[in-house]
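Structure first, commentary second.
Throughout, residue positions are numbered sequentially from 1 according to the sequence presented. Order of appearance sets the numbers: ligands from 1, and atoms from 1 within every ligand. If you're wondering where the values come from, they're calculated on a predicted model, not measured in any experiment.
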Amino acid sequence: MTLAVATAVLGSLVLTPAALANFITPKSGGSPNADAIASLYKITLYIALVIFFAVEIALAYALVKFRKRKGAVASQIHGNTRLEIGWTAAAAVILVVLAGLTFAKLSSIQNPPNSGPGGAELGEQNNLVYASTSRKLPPNGKALNITVVGRQYIWQFVYPGANEADGLGAPYSYEELVVPTNTTVSLDLVSADVVHSWWVPELGGKFQVVPGYHNYTWFKVEKPGIFRGQCAFLCGRGHARMIATVKAVPPAQFEAWLAHQKELIATANAEAANARAKLSAQAGAGAVENP
Ligand SMILES: [Cu+2]
């Protein structure tokens with residue numbers, strides 16, 4: 001390898017401090033909870049960096065200053081009460097500061113804000129069937145509630161819009177979750193089989209999807225965009241394929257998409273019912289018993 005190539009390779013490996021910070025801190029920018037997680041992480045990281053360098057510099061100083069020299073005799077020290085109280089108290093102060101910062105930020109991570117002006121109009125779908133202490137709703141109680149079903153190996157998203165009579169007929173989609181911008185989206189996470197983990201890094205932290213339980217999270221996307229995620233819990237041999245995409249579109253476009261989706265599903269269901277009726281009406285050699 002020539003020197004020029006080696007320099008180029010080395011040059012590409014060296015990151016600017018900003019790029020490095022993005023590389024080692026959580027992704028954010030999609031939703032306020034992800035932003036709050038990232039900023040809390042950065043504050044903790046910077047405090048840790050200051051302490052790390054202070055300790056390392058003090059260590060290097062001591063190593064050089066008190067290195068072995070000819071004729072030098074090490075002083076024999078047995079304890080130093082002031083120093084010991086000092087570092088114990090300093091560590092406790094750091095701990096208390098970090099805990100205080102974490103608790104101060106926690107509410108902005110856990111509690112969703114109201115939808116912004118121009119967000120999707122939310123009707124009666126917000127009435128909760130089951131009261132829950134773990135589901136957080138915005139102060140005005142209005143959120144677009146979507147059920148996320150984890151199953152080997154695909155994510156299913158069930159939107160509001162079921163028939164009032166039987167609770168069936170809700171529009172749904174697989175793999176791609178379409179949401180309106182400027183609208184608080186509350187997710188009800190359930191599993192159809194094994195444990196999965198819902199994770200779209202730019203929209204917040206991971207949430208375990210456990211059979212028999214309901215877990216809740218939320219996000220609110222300001223601008224149209226696409227956010228990619230991936231099941232974050234090894235759930236079987238197809239785990240790597242279990243991807244998720246969140247597509248945020250303007251509310252009007254969302255309403256149109258949802259209506260179209262409902263129509264497509266109704267048409268497909270009608271066709272399937274037709275095909276089933278034909279099959280069960282068959283007679284003769286090709287007869288199929290319909291279970
Ligand atoms: Cu999975």
Side-chain angles (χ1 to χ4, degrees), residues 22-38 40-41 106 109-110 112 125 128-130 132-137 143-162 167-180 183-221 225-249 254 257-258 261-262 264-265 268-269:
N22 280 338
F23 185 65
I24 58 172
T25 56
K27 284 196 170 185
S28 58
S31 175
N33 46 355
D35 296 348
I37 290 171
L40 177 59
Y41 188 97
L106 210 54
I109 294 171
Q110 289 185 327
Q125 41 142 24
L128 294 178
V129 180
Y130 304 104
S132 162
T133 49
S134 46
R135 165 170 248 163
K136 311 276 184 186
L137 285 175
L144 173 64
N145 300 324
I146 295 173
T147 302
V148 176
V149 187
R151 58 163 53 102
Q152 290 169 315
Y153 299 99
I154 197 161
W155 292 106
Q156 184 187 18
F157 309 104
V158 184
Y159 305 80
L168 296 172
Y172 57 85
S173 66
Y174 285 100
E175 215 161 273
E176 187 177 72
L177 168 60
V178 181
V179 294
T183 307
T184 304
V185 178
S186 161
L187 300 180
D188 183 351
L189 305 161
V190 294
S191 170
D193 39 50
V194 299
V195 178
H196 301 277
S197 177
W198 170 252
W199 193 33
V200 181
E202 281 158 285
L203 302 182
K206 291 174 189 173
F207 272 82
Q208 209 97 315
V209 180
V210 185
Y213 289 87
H214 287 248
N215 263 345
Y216 303 96
T217 183
W218 63 274
F219 61 77
K220 183 184 165 194
V221 183
I226 286 184
F227 306 92
R228 298 190 189 283
Q230 157 79 50
C231 176
F233 194 97
L234 184 58
C235 58
R237 67 198 306 185
H239 165 68
R241 293 198 305 272
M242 200 167 158
I243 54 169
T245 306
V246 175
K247 186 178 172 190
V249 298
F254 171 74
W257 174 85
L258 199 64
Q261 194 77 357
K262 197 170 160 115
L264 285 180
I265 293 168
N269 280 344

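The backbone N or O of Ser173 lies less than 3.5 Å from no partner atom in the side chain of Trp155, so there is not a single donor-acceptor pair.
Because the distance cut-off is set at 2.8 Å, His239 fails to qualify as a neighbour of the Cu ion (ligand 1), as none of its N, O or S atoms comes that close.
Looking at Leu203 and Thr217, their side chains never come closer than 4.5 Å, going by heavy atoms from C-beta outward. At a threshold of 4.5 Å between non-hydrogen side-chain atoms, the residues Ser191 and Val210 do not count as touching. His239 has its side chain within reach of Gln230: a pair of non-hydrogen atoms, C-beta onward, lies under 4.5 Å apart.
Here the angle centred on the Cu ion (ligand 1), running from SG of Cys231 over to SG of Cys235, is 130°, rounded to 10°.
Closest N/O/S atom of His196 to the Cu ion (ligand 1): ND1.
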